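Owing to the predicted nature of the structure, the values given are computational and were not obtained by experimental measurement.
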Amino acid sequence: EAAVTQSPRNKVAVTGGKVTLSCNQTNNHNNMYWYRQDTGHGLRLIHYSYGAGSTEKGDIPDGYKASRPSQENFSLILELATPSQTSVYFCASGDRLGGGEQYFGPGTRLTVL
Amino acid sequence: QQKVQQSPESLIVPEGGMASLNCTSSDRNVDYFWWYRQHSGKSPKMLMSIFSNGEKEEGRFTVHLNKASLHTSLHIRDSQPSDSALYLCAASISNTDKVVFGTGTRLQVSP
C-alpha cells in the first residue's frame with residue numbers, strides 16, 4: 001500500500017521562528033502536495049511538485065516555501081511563522097496530474113504561539 | 001478560481017438509514033470527481049471516483065455524476081456508525097495541475 005510519512009507529527013513554534021515540515025513517500029509518485037486543513041475551509045493547496053527540483057504555487061502560497069530535493073522528499077518551510085499559520089498540514093503524493101488518486105500522510109498539527 | 005460546493009454541511013442519519021451527500025463544481029472544464037472519507041483525527045482516504053456520466057456502485061456506496069450540471073452525489077445505504085466521518089468532494093481537470101477540494105459534509109450515524 002502507498003506510504004506517506006510526515007515529521008514532526010506535532011509542533012509548537014513561536015511567532016517569527018522558522019518551521020520546516022517534512023514529508024517522505026515510498027510510492028515512487030512524481031507528484032507531491034502540501035495542504036492545510038482548517039475548520040470551514042476543507043483542504044487548501046499550498047504548494048505542489050511534479051518531481052525532484054520542481055515546486056509550484058498552489059492556491060494559498062503566501063508565507064510558505066517548498067523544497068523537493070528528491071523524488072521521495074518534499075518539505076514545507078515557514079520562514080517567519082505567524083499565529084494564522086496554526087493548522088493541520090497534510091502532505092500527499094499521486095502519480096497523475098489532476099486525474100489521479102492522492103495518498104495522504106498522517107498530518108502535522110502546528111501551533112504557532 | 002474554481003470552487004467546489006458541498007451540501008449539507010452536516011448530516012445525521014440513523015443506523016441502517018440512507019445518507020445522501022451532494023457536490024457541485026463551478027468550473028465547466030472539470031472532468032474528474034473524487035470522494036474522500038476522513039475519520040476524526042485521521043487523514044483523508046479516497047473512497048470513490050467517477051469520471052463518466054451515470055452511476056457507479058461499490059458495496060453500500062453509490063456515486064452519481066451529471067457532467068452537464070457538474071453535480072455529483074454520494075449515497076450510503078445501510079449506514080453504519082463506522083461511516084461517521086467527514087466526506088470531502090474533490091474535482092479536477094485531467095492533465096492540469098491540481099485538485100480542488102470542497103469543505104466537506106460531516107456525517108454522523110446514530111446507533
Side-chain angles (χ1 to χ4, degrees), chain A residues 1-7 9-10 21 23-25 27 29-51 54-61 66 74 87-109, chain B residues 1-10 21-27 29-52 56 58 63 65 67 72 85-107:
Chain A
E1 185 174 320
V4 181
T5 56
Q6 294 182 231
S7 64
R9 295 293 311 279
N10 290 280
L21 307 182
C23 177
N24 177 276
Q25 55 109 353
N27 314 317
H29 287 157
N30 288 328
N31 305 326
M32 295 186 74
Y33 309 83
W34 276 107
Y35 295 91
R36 63 178 285 177
Q37 186 173 38
D38 305 285
T39 303
H41 289 281
L43 286 167
R44 291 183 289 174
L45 183 65
I46 306 169
H47 284 288
Y48 59 100
S49 168
Y50 301 122
S54 89
T55 61
E56 304 292 334
K57 293 180 179 180
D59 297 320
I60 53 165
F74 191 37
S87 187
V88 178
Y89 291 84
F90 286 101
C91 175
S93 74
D95 59 6
R96 286 174 56 196
L97 285 176
E101 177 182 356
Q102 294 189 15
Y103 298 85
F104 285 82
T108 294
R109 183 172 296 277
Chain B
Q1 185 178 11
Q2 181 196 158
K3 289 189 183 298
V4 174
Q5 303 281 357
Q6 290 189 246
S7 63
E9 287 187 13
S10 61
L21 292 67
N22 298 292
C23 172
T24 303
S25 170
S26 63
D27 189 330
N29 296 309
V30 161
D31 47 11
Y32 290 165
F33 285 91
W34 309 82
W35 286 94
Y36 284 77
R37 182 167 68 179
Q38 184 179 21
H39 286 109
S40 181
K42 303 294 186 182
S43 58
K45 284 186 170 52
M46 200 272 287
L47 189 62
M48 292 185 73
S49 60
I50 189 162
F51 312 140
S52 304
K56 182 177 176 182
E58 292 181 2
V63 173
L65 175 61
K67 295 190 88 169
T72 179
L86 180 68
Y87 288 79
L88 295 162
C89 176
S92 65
I93 303 168
S94 56
N95 299 320
T96 61
D97 301 339
K98 58 188 186 280
V99 174
V100 177
F101 284 84
T103 55
T105 292
R106 189 163 297 281
L107 173 65

Next item on the list: On the 0 to 90° scale, with breaks at 30° and 60°, tag the Tyr32(B)-Phe51(B) ring pair as parallel, tilted or perpendicular.
Entry: tilted
Notebook entry, point to check: Using non-hydrogen atoms only, which part of Gln38(B) is less than 4.5 Å away from chain A: side chain, backbone, both, or neither?
Noted result: side chain
Margin query: Looking at chain B, which one of Glu56(A), Gln37(A), Arg44(A), Arg109(A) has the largest number of heavy-atom pairs inside 4.5 Å, strictly under?
Written below: Gln37(A)
Notebook entry, point to check: Using non-hydrogen atoms only, which part of Phe90(A) is less than 4.5 Å away from chain B: side chain, backbone, both, or neither?
Noted result: side chain
Check: Do Cys91(A) and Met32(A) have side-chain heavy atoms sitting under 4.5 Å apart?
Finding: yes
Checklist line | Check: Gly107(A) main-chain N/O paired with Gln6(A) side-chain donor or acceptor under 3.5 Å | finding: yes
Margin query: Does any part of the side chain of Val4(B), heavy atoms only, come nearer than 4.5 Å to the side chain of Phe33(B), both counted from C-beta?
Written below: no
